[in-house]
Amino acid sequence: MMDALKGTMLDVNIWNFIWTAVNLIILYILLRIFLFKPINKIMDDRTRSIKEDIESAEKAKAEAEELKQQYADSISDAKAEADKIIAQAHETAEAEKAVILKKSQEEADKIVADADKAIENERKRVLRQAQTQITDLAIEAASKIIGANVDDEKNRRLVDEFLSEEEGGNK
């Protein structure tokens, strides 16, 4: 029995070897056609899809960065414009304030000047009235003292001159 096993184990049957090699070659060809090509195609498609997705993501990222920069520039421009508007508003307000203050001062000065003028006119009127009354009283007193009726016109002139001299001396 050992001989039977010995001969079969060491015997190489060339036909078995050829058929095995042919079967392996056929299996390899079939696997290559029906398995490796579709798998390679799927792998290539998947690789291409991943590359496209990466390129698309990079493009989207670049666009997002560009939009971000545009928004930052827009915000910066808007802030600058707002600052400019605020500065103009402050300048306008200051100019309006100056105009209003100047106008108010002019009106106040005019009111004070008018009041001074009115006071001066009233003072002069009161002085004339007082002068007239004093003149009348002086003439009346002089008439009673003298006992005669003196020329009213001449007496008035004398008293007016006297009061004018006194008034000029008091000022």
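The first residue of the sequence shown is numbered 1, and numbering continues consecutively from there.
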Stepwise, does the salt bridge (Lys or Arg N to Asp or Glu O under 4.0 Å) test hold for Glu120 with Arg123?
-> CA-CA 5 Å; Glu120 183 61 28; Arg123 186 184 71 78; 2.7 Å; yes
Please tell me whether [X] and [Y] are part of a single hydrophobic cluster in this structure, the criterion being side-chain heavy atoms less than 4.5 Å apart.
{"X": "Ile26", "Y": "Ile33", "result": "yes"}
{"X": "Ile18", "Y": "Tyr28", "result": "no"}
{"X": "Phe34", "Y": "Ile42", "result": "no"}
{"X": "Trp15", "Y": "Val22", "result": "yes"}
{"X": "Phe17", "Y": "Leu27", "result": "no"}

Could you tell me the separation between the [atom1] atom of [X] and the [atom2] atom of [Y], rounded to the nearest 0.5 Å?
{"X": "Glu94", "Y": "Leu101", "atom1": "CD", "atom2": "CG", "answer": "9.5 Å"}
{"X": "Arg128", "Y": "Gln133", "atom1": "CZ", "atom2": "CD", "answer": "13.0 Å"}
{"X": "Gln105", "Y": "Ile100", "atom1": "CD", "atom2": "CD1", "answer": "14.0 Å"}
{"X": "Lys51", "Y": "Glu55", "atom1": "NZ", "atom2": "CD", "answer": "8.5 Å"}
{"X": "Glu58", "Y": "Glu65", "atom1": "CD", "atom2": "CD", "answer": "12.5 Å"}
{"X": "Asn16", "Y": "Asn23", "atom1": "CG", "atom2": "CG", "answer": "10.5 Å"}

Under 3.5 Å: donor-acceptor pair, side chain of Ser56, backbone of Glu52 = no
So, Thr92 side chain and Gln88 main chain: donor-acceptor pair closer than 3.5 Å or not?
-> yes
Flag the pair Arg48 and Asp45 as a salt bridge only when some basic side-chain nitrogen lies within less than 4.0 angstrom of an acidic carboxylate oxygen.
-> yes
Decide yes or no on side chain to side chain contact (heavy atoms under 4.5 Å, CB included) for Gln129 and Arg125, but give the supporting numbers first.
-> CA-CA 6 Å; Gln129 187 178 15; Arg125 185 189 67 78; 3.3 Å; yes
